[in-house]
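These notes concern the structure reproduced below.
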Amino acid sequence: MEETRMKNILKNCVEEICRTAQYGYGMYTDLDSLYIVFDNSVQKINKTGIGEGIILNAWNGSGFEEYATTNLDQDNLVKHARILGVNNPFQKNGTRIDPGAVEEQTFPIPGKIDPRTIPLEEKVEKVRRLQEKARQMHPGITNAVVRYLERKEHFTFVNRARIYCQTIFRFLYRLEYTVSDKGKTNSWMTGFNGTGGYEDVKIPEQKIEETLKNAFELVAAESITPGTYDVIVDPETTGVIAHEAFGHGVENDVVLKQRSKAKEFMGKQIGSELVNMTDDPLREGAYGFYYFDDEGQPAETTRIIVNGILQQGLSDHYSAIHLNVPDCGNGRRENFTHKPYSRMSNTFLEAGDCTLEQMIGDMEDGLYIIQGTNGMEDPKNWGIQVEAKMAREIKNGKLTGRNFAPVGITGYVPDLLMSISQVGNDFGTAFGGTCIKGYKEHVPVAVGGASMRIKGRIS
Amino acid sequence: MKNKIITELNNNTDVSDWIIQENEEIKTESYFVGIQQESFRTVESHYCRVTVFNRHNSSIGYTTFRIASPENTAIRSAIEEGVFIAKGISNPDFTLPVPAEYPEIPMVDPEIRENPKAIHETNHGTLDQIAGNLVSGLKLASAELHLGFTRTLICSSSGLDGEQEESTVIFDTVLVSDTKQGQSEQLVVVRRRKYTDIDITGEIEKNSQYALDKTIRNLAPSGKFPVVFHAAVAKLLLTPFVGHSSMDFRMKKISRFNHGEPVFSSVEKDQFTFIADAIIPMGISSTRFSGFGIPGQQTTIIRDGISVSNWGPHDIASWLNMNPTGSFGNMVVKAGSTVADDIVHDMTPGLEVVAFSDLIPNAVTGDFMAEIRFGYWIEEGNKIPVTGGVVAGNVFEIFQNATFSRETTVQGNYHGPELIKFDNLQITGK
């Protein structure tokens, strides 16, 4: 729908809502995705986005009511806006939400090359060429899958004061090898995740070769003897640790529900002095980038841990109001059919000054764990479970060539953070994907950090 | 909307075939922090999922996209884009499914269809009561209730014609515990088609005990021991079986199953029978038809440890020259003959796992490792709560020594034994 017309419809709706509700907003979203998959047998190209939708929201002083729909007809929307307003008169002793300063802003589209200017054939050809090349690189390759995902997310937000618009392109471009050797099969993936322009969507040649090598090493890897080890984790694994083990614990909606230990530790030392952790929706190029959140709150950088001391959590509107903490713009929803929750964006442990070579050289007996894949949060008990693809053995400061898989890191988060004794200078936030909160709320995020040395229970 | 789309599709000479699924969905959701209502939402969606096919040079290309706008220009533009995409893809050709009779499967709670707000009010009252009756040391941290009603129509250029209505309920609550021993929480998630099929009081009672027991934080011993999985976690082990029995894996030549051959190298205990069932009445994954219009059906994947059938969608089945089965549906595991209490009683010492932090077996290798979120260490008749530590193994190995309980249960789309015991699993604990 044409932008000016949409803004006017939303303004009318907000006016209707705010006749009786203390606060309200309207948000138009248009989520469109192009998904191209080529593997050894099949080619698929689908438009998978949920399309256009509108959210109307009313606040009565203690809770929200929302109406969300695919029906963009103005009469339908104004009718429902009126109902929302009538259903949600401002309650006596209710809390007020400040709509903010009067402003209208259309944020610039990140990146140089708008993917909409690139013909579809060119994108398909890019995927096809990489797949054809990749599949021929070794006779042991069972399958080579190349995936290209381009998500266009457009949001128009209107409340009594603010009108905000943003359009963001998120890209996933991945190559996954499945290989077989001596009757065993396994797979390894590499790729690019980020927001911005089409110019960034590439996989370096060196990464393709490395991925194939890793896949074969994975197939031949041994099982690890479970135990407590000295470990160096790579930046990707560091990012998963930061996100899964700790980040969820500082999402303020779980703090509000008394489901997180974080509140008890606010202002206290919970990790070594080398630990600095940040959530930054404005980090350029990172997969979880945005200018304003899904409640229209401007995005802010949050320094969660500074020198090992817990500083602040991440809020949505509701948790910020009820915990009486700043709303830093972390209210995110999967799409217009879902409610917003306090969510991370781009979460990372900041870099130190050791080189990876130094860190390996300093280790007498331990493991170098690479490619963290996923993990699980346990904010109430601060337990940690993170899985990674492989661990490489280190003895007397050198990699021995022996590899172990699969690999899991478990333990108690404060113990793990306190055990951090070295942090590398090889920082990266190029690791993006989908965070699932609980079991059903999916949002794009990035994780990152630098290599770090820890002590962990490995199995 | 559907009729406008059909007109545009028939007017486009580059459309060789088409399938339309028209969906109308109404969801209502209530969210609570404690028993204080945080939010109430109503979501109305009406859209068509359109697949267009284009044949060229003895190949077929196809793509699926959504249309939610009823405006002719938007419809025409979406179809033209879809055709453009389809022309750029070349897969081996196949024909669309012919019209078939679809099974009658009850899938609707009439209350959700007619008056969902009344259910939300009832639920709020129930939560109030529950919160008031919780024993000391327990609190209701949060709750959510999601009610959905969907009507789906399917039609195609090949004459497919079907309709189904379905309702869904997701009841979700978190209990937090705070005792002298410590603090913990227990997540309760129940999915059904019908609200009154959820025994909320029973679920809260059972999980209240877990929440309290979880505050006693012991670590299980390390070593190889028998481990009993509750259904809620046992079902997660089935993913590699679903994968390796799929036509997709077969086509990619990564399936380890061959028809008529054992799926395990040897079986010491109960034989494993695994069924894909899309026609269970009120089954959460039941469906009258798949996206390609294949009738919902029941397919035995593994019978007594022998690979029997593959499951898969119409396109892949065509390429493999097999009969399509459509959607997988619900996962059914045949029960055993051992009473659940005996399974636990006979296992001393051993571990009974109620929940893992996260259990995602590798779909290809079957390897898994998972942190014990909560369970019980069983020794000499005593049940000692344990948290933390890891269980690791490979599903294709552990199912060779599996004991399935006689009693069965429903957990989401899993219909099978309440408990499954595996001998000799590696536990990393103390």
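Chain identifiers are assigned alphabetically (A, B, ...) following the order of the sequence lines, protein sequences preceding nucleic acid strands; residue numbering begins at 1 within each chain. The figures that follow rest on heavy atoms only: side chains count, while hydrogens, waters and symmetry mates do not.
Within the 4.5 Å cutoff, the side chain of B:His146 has heavy atoms near those of the A:Lys440 side chain. A:Pro406 is not listed as a side-chain neighbour of B:Asn362, based on a closest heavy-atom distance of 4.5 Å or more.
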Stepwise, does the side-chain contact (heavy atoms from CB on, under 4.5 Å) test hold for B:Tyr31 with A:Asp253?
-> CA-CA 12 Å; B:Tyr31 299 84; A:Asp253 57 348; over 6 Å; no
Passes salt bridge (charged side-chain N to carboxylate O under 4.0 Å, His left out), B:Glu144 versus A:Lys339? Steps please.
-> CA-CA 11 Å; B:Glu144 298 182 9; A:Lys339 182 185 98 63; over 6 Å; no
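By the 6.0 Å contact criterion, NZ on A:Lys261 is enclosed, its count of non-hydrogen atoms from other residues, nucleotides or ligands being greater than 12. Atom NZ of A:Lys126 has more than 12 neighbouring heavy atoms from other residues, nucleotides or ligands inside a 6.0 Å radius.
Judged by distance alone, with hydrogens and angles left aside, the side-chain atoms of B:Asn91 form no donor-acceptor pair with the main-chain N or O of A:Val42 at under 3.5 Å. Although no hydrogens or angles enter the test, the distance criterion places a donor-acceptor pair under 3.5 Å between the side chain of A:Gln385 and the main chain of B:Asp358. Judged purely by atom type and a 3.5 angstrom limit, B:Thr64 has no side-chain atom pairing as donor or acceptor with the backbone of A:Asn46. A donor-acceptor pair under 3.5 Å is absent between the side-chain atoms of A:Arg259 and the main chain of B:Val176, judged by distance alone. The backbone N or O of B:Lys252 sits nowhere less than 3.5 Å from a side-chain atom of A:Asn40 that would complete a donor-acceptor pair. Side-chain N or O atoms of B:Glu44 include none that pairs as donor or acceptor with a backbone N or O of A:Thr69 at under 3.5 Å. Using modelled atom types, no side-chain atom of B:Arg41 and backbone atom of A:Glu66 make a donor-acceptor pair closer than 3.5 Å. Using modelled atom types, one side-chain atom of A:Thr70 and one backbone atom of B:His46 make a donor-acceptor pair closer than 3.5 Å.
Only the side chain of A:Tyr318 comes within contact range of chain B, with at least one heavy atom under 4.5 Å from a heavy atom of that chain. Only the side chain of B:Leu219 comes within less than 4.5 Å of a heavy atom in chain A; its backbone stays farther off. Heavy atoms closer than 4.5 Å to chain A are found in both the backbone and the side chain of B:Phe40. Within the 4.5 angstrom heavy-atom criterion, only side-chain atoms of A:Asn374, from C-beta onward, approach chain B. Only the backbone of A:Ile384 comes within less than 4.5 Å of a heavy atom in chain B; its side chain stays farther off. Only the side chain of A:Glu387 comes within less than 4.5 Å of a heavy atom in chain B; its backbone stays farther off. Looking at A:Lys184, neither its backbone nor its side chain comes within 4.5 Å of chain B, counting heavy atoms on both sides. Of the two parts of B:Leu140, neither the backbone nor the side chain holds a non-hydrogen atom closer than 4.5 Å to a non-hydrogen atom of chain A. When heavy atoms are compared at a cutoff of 4.5 Å, A:Asp39 approaches chain B solely by way of its side chain, counted from C-beta outward. With a 4.5 angstrom heavy-atom cutoff, A:Val254 does not touch chain B via any of its atoms. Only the side chain of A:Thr178 comes within less than 4.5 Å of a heavy atom of chain B; its backbone N, CA, C and O stay farther away.
In terms of heavy-atom pairs under 4.5 angstrom with chain B, the leader among A:Glu125, A:His80, A:His338 is A:His338. Note on A:Ser41, A:Ser62, A:Ser180: by heavy-atom pairs under 4.5 Å with chain B, the leading option is A:Ser41. With chain A as partner, the option from B:Val390, B:Thr28, B:Val43 having the largest number of non-hydrogen pairs under 4.5 angstrom is B:Val43. Most heavy-atom pairs under 4.5 Å with chain A, from the set B:Phe356, B:Phe84, B:Trp319: that is B:Phe84. In terms of non-hydrogen atom pairs under 4.5 Å with chain A, the most contact-rich of B:Lys139, B:Arg256, B:Arg49 is B:Lys139. Considering only heavy-atom pairs separated by less than 4.5 Å from chain A, the leading option among B:Gly88, B:Gly34, B:Ala68, B:Ser90 is B:Ser90. Taking chain A as the reference chain and counting heavy-atom pairs below 4.5 Å, the highest number among B:Lys214, B:Gln183, B:Lys253 is found for B:Gln183. The most heavy-atom pairs under 4.5 Å with chain A, out of B:Glu25, B:Gln426, B:Lys27, come from B:Lys27.
The salt bridge (charged side-chain N to carboxylate O under 4.0 Å, His left out) pairs that include a residue from residues 47-64 of chain A are A:Asp32-A:Lys47, A:Lys47-B:Glu81, where partners are two or more places apart or lie in different chains. Under the ring pair (Phe, Tyr, Trp, His ring centres under 6.0 Å) criterion, the residue pairs touching residues 34-61 of chain A are A:Trp59-A:Phe64, with sequence neighbours excluded.
In plain terms, the two heavy atoms of B:Ser142 and A:Lys257 that are nearest each other are CB-CD, 3.5 Å. Closest of all the heavy-atom pairs between A:Thr337 and B:Ser45 is CG2-OG, 4.2 Å. Heavy atoms only, all atoms of each residue included: A:Gly49 and B:Arg66 are closest at O-CD, 3.4 Å.
In this structure, CD in B:Glu38 is found 12.0 Å from NE2 in A:His317, a value given to the nearest 0.5 Å. Note that the OH atom of A:Tyr439 and the CG atom of B:Asp172 stand 3.5 Å from one another [nearest 0.5 Å]. To the nearest 0.5 Å, atom CD1 of residue B:Ile89 and atom CD1 of residue A:Ile45 are 4.0 Å apart.
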